[in-house]
Amino acid sequence: MPRKTKAELERLRELAQKDFPPKKTTKAALPTTGIAARLRRARKSQGLSWYAVAKIAGIPNPNTVRDIEEGRDARLSNVEAVAKALGLSLEVVEAR
């Protein structure tokens, strides 16, 4: 099978995008309140990366720290480990 030229590949790409247009994604807004926001502010104020926090917290994947900061589902043990790595603690209090 002969190799396609750059122009042919570009034409095929344009045709494919007409049939299957790429999804327009918008970045979700990061939480500005709550645990996720407090952890993110603490990390940034200490000048730490997700990788550094994960390493200190004993979490093998730095994406876990990112997910926590973005407010995604997270294991409580991971949230607690991140908080502790940042010099914070979690506390359970009576609901108002």
Side-chain angles (χ1 to χ4, degrees):
M1 175 178 245
R3 291 184 75 142
K4 300 215 181 286
T5 66
K6 194 171 184 176
E8 290 173 315
L9 291 173
E10 183 60 32
R11 186 182 61 77
L12 290 172
R13 182 174 182 269
E14 288 172 6
L15 289 172
Q17 283 185 339
K18 284 180 184 174
D19 290 338
F20 304 98
K23 288 184 179 180
K24 293 181 180 175
T25 58
T26 57
K27 215 172 192 182
L30 294 174
T32 57
T33 60
I35 293 171
R38 301 257 333 246
L39 293 175
R40 185 176 56 257
R41 282 194 302 270
R43 176 184 62 78
K44 287 186 171 192
S45 73
Q46 295 176 36
L48 298 172
S49 66
W50 293 325
Y51 177 81
V53 172
K55 189 161 181 78
I56 295 166
I59 297 172
N61 187 347
N63 290 334
T64 300
V65 177
R66 181 204 60 207
D67 291 347
I68 291 169
E69 288 185 9
E70 291 180 355
R72 295 189 180 138
D73 277 348
R75 291 183 5 203
L76 182 57
S77 59
N78 285 337
V79 175
E80 186 176 30
V82 167
K84 186 175 180 181
L86 295 169
L88 303 172
S89 65
L90 299 180
E91 185 176 313
V92 177
V93 295
E94 292 287 328
R96 296 180 216 172

Exercise for the section: With side-chain contact (heavy atoms from CB on, under 4.5 Å) as the test, would you mind laying out the steps for L39 and V79 before giving the verdict? Expected result: CA-CA 9 Å; L39 293 175; V79 175; 4.2 Å; yes
Exercise for the section: Determine, using the 4.5 Å side-chain heavy-atom cutoff (strictly less than), whether Y51 and I59 are members of one ILVMFWY cluster. Expected result: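 No; tracing contacts between hydrophobic side chains, which count when under 4.5 Å, never links both residues.
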Practice task
Check the hydrophobic clustering (I, L, V, M, F, W, Y; side-chain heavy atoms under 4.5 Å; chains of links allowed) and say if L48 and L88 are grouped together.
Solution key: yes
Practice task
Please check if the side chain of R40 supplies one atom and the backbone of P31 the other of a donor-acceptor pair under 3.5 Å.
Solution key: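 Pair found, side chain donor or acceptor close to backbone of P31.
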Problem - Donor-acceptor contact present, side-chain Q17 to main-chain E14, <3.5 Å - result: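 No, the answer is negative, given that no donor and acceptor are paired below the 3.5 Å cut-off.
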Mind listing the closest non-hydrogen atom pair of [X] and [Y] along with its distance?
X	Y	value
L86	Q46	O-NE2, 2.9 Å
S45	A42	OG-O, 2.9 Å
V93	E91	CG1-OE2, 3.3 Å

Practice task
Determine whether V82 and I56 make a side-chain contact, defined as any pair of heavy atoms from C-beta on separated by less than 4.5 Å.
Solution key: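 Of all side-chain heavy-atom pairs linking I56 with V82, none is under 4.5 Å.
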Handout entry: Residues in salt bridge (charged side-chain N to carboxylate O under 4.0 Å, His left out) contact with R43, at least two apart in sequence or another chain
Key = E69
Problem - Partner set under salt bridge (charged side-chain N to carboxylate O under 4.0 Å, His left out) for R72, not counting sequence neighbours - result: D67, E70
Exercise for the section: Return yes when atom CG of D19 has more than 12 non-hydrogen atoms of other residues, nucleotides or ligands closer than 6.0 Å, and no otherwise. Expected result: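 Counting neighbours around CG of D19, more than 12 heavy atoms of other residues, nucleotides or ligands fall under 6.0 Å, so yes.
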Problem - Test side-chain contact (heavy atoms from CB on, under 4.5 Å) applied to L76 and L90, step by step - result: CA-CA 10 Å; L76 182 57; L90 299 180; 3.9 Å; yes
Practice task
Not counting sequence neighbours, which residues clear side chain to side chain contact (heavy atoms under 4.5 Å, CB included) with N63? List them please.
Solution key: N61, R66
Handout entry: K18 side, atom NZ; R13 side, atom CZ - distance, nearest 0.5 Å
Key =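 So the NZ of K18 and the CZ of R13 are separated by 13.0 Å.
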